[in-house]
Amino acid sequence: MKVLLIGNGGRENAIAWKICQSKLLNKLYVAPGNAGTAQIAENINIESEDSESIINFALEKKIDLVVIGPEIPLARGLSDKCKENGIQCFGPSRVASQLESSKQFAKSIMNECGIPNGVSVSVNSVEAAMDSLNSFSLPVVIKADGLAAGKGVFICNSKMDAETAIKDILEKKIFGKSGNSLIIEEFLEGPEISVFAFTDGKSISPLIGACDYKRIGEGDTGPNTGGMGAYSPAPFWNKEFEKNISENVFRKIINYMDSQYSGYVGVLFAGLIITKDGPKVLEFNCRLGDPETQVILPLLETDLLNVMQHCVNGTLESKFVRWSTKSSVTVVMASDGYPGKYTTGHSISGLDNINHSDTIIFHAGTKILNDKSVITNGGRVLSVTAVDISIEKARKNVYKHLSEIKFEGSYNRTDIALI
Ligand code: GLY
């Protein structure tokens with residue numbers, strides 16, 4: 001098969017790495033990719049949001065399958081455009097992707113299907129927001145309705161903070177059109193987990209869960225990031241938990257999407273919080289997570305390309321997908337200053353020292369130069385993943401190897417998977 005993978009993050013490096021293990025693969029292109037994907041596939045100089053060039057390239061090269069990594073191309077209907085041009089695509093349609101691109105859409109489906117989630121209201125004016133605010137106790141959560149690169153959620157400890165967030169979103173339009181409306185939601189407390197399944201629109205694969213670390217600082221302090229590390233499995237993960245989430249969250253959503261929106265094909269990602277009243281859904285995403293992908297794909301025992309092929313053909317048998325019961329840990333190395341300002345262009349050393357039998361390096365913000373040297377090119381630069389029989393062993397391997405990779409101004413959390 002000829003495959004075109006869309007995206008340039010650590011997630012896409014992990015997807016590319018796994019696809020490259022497939023016996024079905026003849027050629028993998030990545031648009032635009034990074035230094036990691038350049039080493040195992042052919043990077044194409046097309047941005048992931050340039051759907052016209054993606055379609056033209058896919059037609060010219062007779063691509064058998066387009067795989068969409070990030071959320072923006074999904075929300076803009078790249079999957080639909082592929083289908084209109086007779087190209088198979090792994091990733092849900094634009095309407096189905098509203099599960100991620102509109103919180104109001106996701107909330108209304110959850111409430112209609114009886115899926116546990118926080119009490120919320122959706123509003124599109126400051127006046128309505130201020131009125132509704134009075135019915136929530138503090139802290140309260142304010143969420144921009146649309147995509148905001150993980151920055152659209154505010155946990156407000158005072159009414160004044162909530163009013164500021166509301167005005168920033170609805171009046172100042174700090175997230176542009178993504179802030180045409182917002183959600184006010186009760187604050188929920190408990191451990192969080194990202195849960196993933198492959199689906200062909202009818203069958204749902206066994207689930208896999210990973211816990212990620214969103215804050216930049218040790219002990220979950222400081223501003224939110226795209227994710228600084230992750231591990232799997234969660235300490236509370238067991239067959240009973242998986243069955244509950246599969247039946248009461250994933251099955252209900254997939255059935256609903258099938259009956260109302262011509263189905264959902266791809267990966268469904270539920271962000272859950274385990275409250276004292278049981279698991280509740282915080283959000284849905286329509287893609288793999290980053291950095292969760294870097295811990296879960298090394299645990300996938302089935303050929304990923306074959307799984308994707310079954311999803312797009314509508315022939316997925318749930319048991320075909322097998323997850324290892326081993327433990328996996330990934331730690332992100334970032335540029336000092338991230339998620340604020342940082343510098344790029346620093347040369348990275350130590351990438352060849354890694355013993356690849358027990359550790360994997362996934363690139364994110366990196367660039368490969370003509371002389372094959374690799375430099376930093378983003379906030380999250382790379383991640384180091386290890387799989388072992390326990391979280392402790394995997395964690396030890398990750399940090400041992402991570403200390404051998406060096407670039408100016410590198411930063412990583414030292415408390416990932418310390419559970
Ligand atoms: N790590 C969370 C996400 O990918 O949205």
Side-chain angles (χ1 to χ4, degrees), residues 5-15 18 34 48 67-75 91-92 97-103 106 117 141 143-155 175 178 183 188 191-198 207-217 220 222-234 249 253 266-274 281-299 328-334 338-339 362-365 378-385 412-413 416-417:
L5 169 64
I6 310 300
N8 65 348
R11 166 184 47 215
E12 285 74 28
N13 192 175
I15 296 171
K18 194 69 191 171
N34 58 33
S48 57
V67 176
I68 305 177
E71 61 274 24
I72 293 180
L74 289 170
S97 302
Q98 289 176 98
L99 273 177
E100 175 166 5
S101 64
S102 168
K103 298 206 161 42
N117 70 101
V141 184
K143 296 178 175 175
D145 183 66
L147 298 178
K151 297 189 180 110
V153 178
F154 298 85
I155 296 167
F175 303 118
S178 289
I183 297 275
L188 299 172
E192 292 181 28
I193 182 166
S194 307
V195 183
F196 302 88
F198 294 101
L207 309 184
I208 181 101
C211 300
D212 77 335
Y213 291 76
K214 294 192 174 73
R215 305 284 190 117
I216 188 74
D220 285 327
N224 266 336
T225 68
M228 295 303 294
Y231 66 90
S232 178
V249 179
I253 288 288
V267 168
L268 182 61
F269 163 176
L272 304 177
I273 184 158
I274 317 305
V281 175
L282 289 174
E283 63 177 11
F284 284 111
N285 296 312
C286 298
R287 52 173 173 87
L288 285 161
D290 192 342
E292 291 95 327
T293 307
Q294 293 89 309
V295 286
I296 65 168
L297 286 189
L299 296 174
S328 180
V329 173
T330 198
V331 176
V332 171
M333 296 183 80
Y338 172 79
F362 293 123
H363 292 235
R380 287 191 295 173
V381 175
L382 53 84
S383 64
V384 180
T385 299
N412 62 267
R413 277 181 64 165
I416 303 298

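Numbering of ligands and ligand atoms starts at 1, following listing order.
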Inset, instruction - Taking D212 for its side chain and A230 for its backbone only, find out whether a donor-acceptor pair lies under 3.5 Å. - result: no
Inset, instruction - Inspect the contact between E283 and K143 and indicate whether a charged nitrogen and a carboxylate oxygen are less than 4.0 angstrom apart. - result: no
Looking at [X] and [Y], what are the two nearest heavy atoms and their distance?
{"X": "I193", "Y": "G209", "value": "CD1-CA, 3.9 Å"}
{"X": "H363", "Y": "L382", "value": "CA-CB, 4.0 Å"}
{"X": "V332", "Y": "G229", "value": "CG2-N, 4.0 Å"}

Inset, instruction - To the nearest 0.5 Å, tell me how far L5 CG sits from S48 OG. - result: 10.0 Å
Could you go through ligand 1 and note, for every N or O atom, any protein N or O atom closer than 3.5 angstrom, writing the atom names and distance to 0.1 Å, or 'none'?
| from | atom 1 | to | atom 2 | distance (Å) |
| --- | --- | --- | --- | --- |
| ligand 1 | 1 (N) | D212 | OD2 | 2.8 |
| ligand 1 | 1 (N) | D290 | O | 3.0 |
| ligand 1 | 1 (N) | E292 | OE1 | 2.8 |
| ligand 1 | 1 (N) | E292 | OE2 | 3.2 |
| ligand 1 | 4 (O) | R287 | NH1 | 3.1 |
| ligand 1 | 4 (O) | D290 | N | 2.9 |
| ligand 1 | 5 (O) | R287 | NH1 | 3.4 |
| ligand 1 | 5 (O) | R287 | NH2 | 2.9 |

